[in-house]
Q: 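Structure incoming, see below.
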Amino acid sequence: MTHDVTHDVPALHRRSFLKYTGALGAAAAVSASLSACSSGPQSTNETGGGGGQDRTLTAVIGYGNDGSWDPTQTASAFCMAANNHIYEGLLDTDPISREPYAALATQVPADPNATTWKFTLRAGAKFHDGKPVTADDVVFVFDRILDPKTQTLAKGFFASWLKEVRKIDAQNVELVLKFPFPDGISRLTLAKIMPKHVFSQPGAWEDAIKGKAIGSGPYRQTAHHPKSNTTFEAFADYNGPRKPAFKKMNWLTIVDAAPRVARISGASAGAQIADNIPYANIKQLESGGLTVAGGAGMNNLFLMFNTQHKPFDDVRVRQALHYAIDTEKMIEVALKGHGQPSSSFLNEANPSYRRAKTVYDHDPDKAKALLKEAGVSGLEIEILAVNVSWIVDCLPTIKASWDAIGVKTTLSPQETTAVFTKMDQKQDYQVVAAASNPNQFGLDADLIMHYNYGPENLWMQYTRWADNSVAKALFKDMDRATQESDTEKKKTMIQDYIDVVAEQAVLYPVVHNELMTAWNPKQLTGIRAQPYPGINLLQAKWA
């Protein structure tokens, strides 16, 4: 299960917000190896037997399907991936390049720098219950996202730059921006258009959280069994740009690595594709004829410090602990070469990447000198960590590295829910090690950085750093960068404030790693491994 929560969540609403997101605390893609689950009711687990184009595509997802399915709220890897097949935005984006394309709207705005964007809806577009998609549905969704009284994950992606969405007539809408914001075009995929006649009913948002999904996309949901599987079939009335290639799909949720790998392995494999493949299984699967490919992006192991627990209020101590980590050894041993040491908050392939002024190359002597300068000796640390398998594999390197500079280190891996329940209850802690991947939402650096940093940000409440004078100056710099209309100036402003984030090391990545997807190339074509959890089959078909 991928548990993620946004920034911009006032404390008053946080508890209910966490319930709605199906999450118990983390403002990034924090993946939990929660209860193992494989097969559900037998009738929902058929792999389509027989041959021909009518057989069922079976996929194995390494995350839970029991998070929130509400598109305005969810950060669950399984649910987000499924919703990309069920729903459409006005625009959607390519899963790899993130280039926007017209989905429910008929075209991408010609002028990204305009402060109003007009969209015409696709003629004949229908929801899965047969009702037509209208401008009222579009306004309904955006009103929910922008409503100051409603806390949604999507609000954090829109509220800073989008003023309102107006209906022109039944087939046309207008988006009014607060200032020119070209990055908003690709963010429109994060506002999935939902039928007002369904989701304006009493209790409907609760139903959406539990798995009710009715969109206008190429696949309609046919059954949903939490902790087991979700099934889909091609929507006959779909007339959009990504035609369904599979008559039926069955997505299994198998969080434990061994049964997930087993389901796609060998002559009796019960699935054609699986995500979240452990590095240790790559060669075995390749020798069995499968294609295994990685996507390198923002997936990372990060450290988060409690800045109100001394001595972690001292930037020199936080820096020392980063310098001490032997990242090359971590990549070799734990990640089997599928990673890179962080040289910025952003991964190196991000369009806004620039090597940070502070880069934490392995330097134990510098680490010791910084601790001495800070007057710290005899430090003992318990690392509170999520029990995601690859994170657990990385922890011994951190312990060995910190022990080597005289910091006595204890590892405490726990279920993600347990870790972030402690955060939400404001329990004391020293350091958290967890996994994050904001690429689920997009590539733009403004989105990624605001997802992690901001005055109302949940992460900043966990770090207890938001009232720090450096933090306050940082947040102002971030707001200024959001509103900068010159693309190159904006990029430089973001890179400059990332230098502050790097130097402060309050919440900062240690390594960026690849996510691996495996599939049977004799059965499927058009698959591309994505650098964030889940799969996208909108351009795939039977081989």
Q: Atom CD of residue position Glu332 - does it have more than 12 heavy atoms of other residues, nucleotides or ligands inside 6.0 Å?
A: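 Incorrect, the count does not exceed 12.
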Q: Output every pair passing side chain to side chain donor-acceptor pair (under 3.5 Å) with a member in residues 210-220, not counting sequence neighbours, ordered by first then second residue.
A: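 Non-adjacent pairs meeting side chain to side chain donor-acceptor pair (under 3.5 Å): Glu88-Ser216, Arg220-Glu233.
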Q: Regarding Thr189 and Asp92, is there a side-chain donor-to-acceptor distance under 3.5 Å anywhere?
A: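 There is such a pair between these side chains.
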Q: In terms of ring plane angle, is the pair Phe235 and His128 parallel, tilted or perpendicular, where the classes change at 30° and 60°?
A: perpendicular
Q: Between Thr222 and Thr231, is any side-chain donor less than 3.5 angstrom from a side-chain acceptor?
A: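 Present: a donor and an acceptor within the cut-off.
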Q: In terms of heavy-atom contacts, does NZ of Lys283 have more than 12 from other residues, nucleotides or ligands at under 6.0 Å?
A: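 For Lys283, atom NZ is not crowded (no more than 12 foreign heavy atoms under 6.0 Å).
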Q: Test of understanding: with salt bridge (charged side-chain N to carboxylate O under 4.0 Å, His left out), list the residues that count as partners of Arg98, not counting sequence neighbours.
A: none
Q: Would you say the rings of Phe302 and Tyr508 are close, in the sense that their centroids are separated by under 6.0 Å?
A: no
Q: Distance check, rounded to the nearest 0.5 Å: Ile61 atom CD1 versus Asn65 atom CG?
A: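 Rounded to the nearest 0.5 Å, the CD1-CG separation comes out at 10.0 Å.
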Q: Could you name each residue pair satisfying ring pair (Phe, Tyr, Trp, His ring centres under 6.0 Å) that touches residues 250-270, not counting sequence neighbours?
A: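 Applying ring pair (Phe, Tyr, Trp, His ring centres under 6.0 Å) to every pair that reaches into residues 250-270, excluding sequence neighbours, yields Phe78-Trp251, His85-Trp251, Phe232-Trp251.
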Q: Could you tell me whether the side chain of Gln530 and the main chain of Gln440 form a donor-acceptor pair under 3.5 Å?
A: no
Q: Please identify each residue that fulfils salt bridge (charged side-chain N to carboxylate O under 4.0 Å, His left out) with Asp207, with sequence neighbours left out.
A: none
Q: Evaluate the side-chain contact (heavy atoms from CB on, under 4.5 Å) criterion for residues Trp519 and Thr291: first the C-alpha distance (whole Å), next the side-chain angles of each, then the deciding distance (0.1 Å), finally the verdict.
A: CA-CA 5 Å; Trp519 67 92; Thr291 298; 3.5 Å; yes
Q: What residues, two or more places apart in sequence or in another chain, satisfy side-chain hydrogen bond (donor to acceptor under 3.5 Å, both in side chains) together with Lys366?
A: Tyr323
Q: Write out all pairs satisfying ring pair (Phe, Tyr, Trp, His ring centres under 6.0 Å) with one or both partners inside residues 260-286, taking only residues at least two apart or from two chains.
A: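 Checked against ring pair (Phe, Tyr, Trp, His ring centres under 6.0 Å) - neighbours excluded - the pairs reaching residues 260-286 are Tyr279-His338.
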Q: With a 4.5 Å limit on heavy-atom distance, are the side chains of Ser265 and Leu285 in contact?
A: yes
Q: Within this structure, what is the CD1-NE2 distance for the pair Ile494 and His450, rounded to the nearest 0.5 Å?
A: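 Here the interatomic distance stands at 8.5 Å.
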Q: Would you confirm whether Arg260, through its side chain, and Val255, through its main-chain N or O, come within 3.5 Å as a donor-acceptor pair?
A: yes
Q: For Gln539, enumerate each residue passing the side-chain hydrogen bond (donor to acceptor under 3.5 Å, both in side chains) test, keeping only those at least two apart in sequence or located in another chain.
A: Arg528
Q: With sequence neighbours left out, what residues match Asn306 under side-chain contact (heavy atoms from CB on, under 4.5 Å)?
A: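 Partners of Asn306 under the side-chain contact (heavy atoms from CB on, under 4.5 Å) test: Gln308, His309, Asp428, Tyr429, Arg464.
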Q: Any donor and acceptor pair, going by atom type alone, linking the side chain of Ser68 with main-chain N or O of Gln73 inside 3.5 Å?
A: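 Here the side-chain-to-backbone pair does not exist.
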Q: What I want to find out is whether Asp444 reaches Arg187 closely enough, with some N-O distance under 4.0 Å, to be called a salt bridge.
A: yes
Q: Could you tell me which residues satisfy side-chain hydrogen bond (donor to acceptor under 3.5 Å, both in side chains) with Asn439, sequence neighbours excluded, listed by chain and number?
A: none
Q: Anything under 30° is parallel, anything over 60° is perpendicular, the rest tilted; go ahead and classify Tyr462 against Phe420.
A: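 Tyr462 and Phe420: tilted rings.
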Q: Listed by chain and number, what are the salt bridge (charged side-chain N to carboxylate O under 4.0 Å, His left out) partners of Asp275, not counting sequence neighbours?
A: none
Q: Taking the side chain as C-beta and beyond, is there a heavy-atom pair between Ile381 and Leu321 under 4.5 Å?
A: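 The answer is yes, as the side chains (C-beta and beyond) meet within the 4.5 Å cut-off.
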Q: Run the side-chain hydrogen bond (donor to acceptor under 3.5 Å, both in side chains) test against Asp361 and tell me which residues pass, sequence neighbours left out.
A: none
Q: List for me each residue that meets side-chain contact (heavy atoms from CB on, under 4.5 Å) alongside His362, sequence neighbours excluded, and say none if there are none.
A: Asp326, Pro364
Q: So how far is it from Asp363 CG to Gln319 CD, rounded to the nearest 0.5 Å?
A: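 With rounding to 0.5 Å, CG (Asp363) is 11.5 Å from CD (Gln319).
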Q: Would the Trp542 and Phe246 ring centres measure less than 6.0 Å apart?
A: yes
Q: Any chance you could measure Leu537, atom CG, to Arg242, atom CZ, to the nearest 0.5 Å?
A: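 It is 13.0 Å, given to the nearest 0.5 Å.
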Q: Hey, is the main chain of Arg355 close enough, under 3.5 Å, to the side chain of Ser344 for a donor-acceptor pair?
A: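 No.
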Q: Given side chains that start at C-beta, do those of Gln340 and Val511 come closer than 4.5 Å, heavy atoms only?
A: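 With C-beta onward as the side chain, the pair stays apart.
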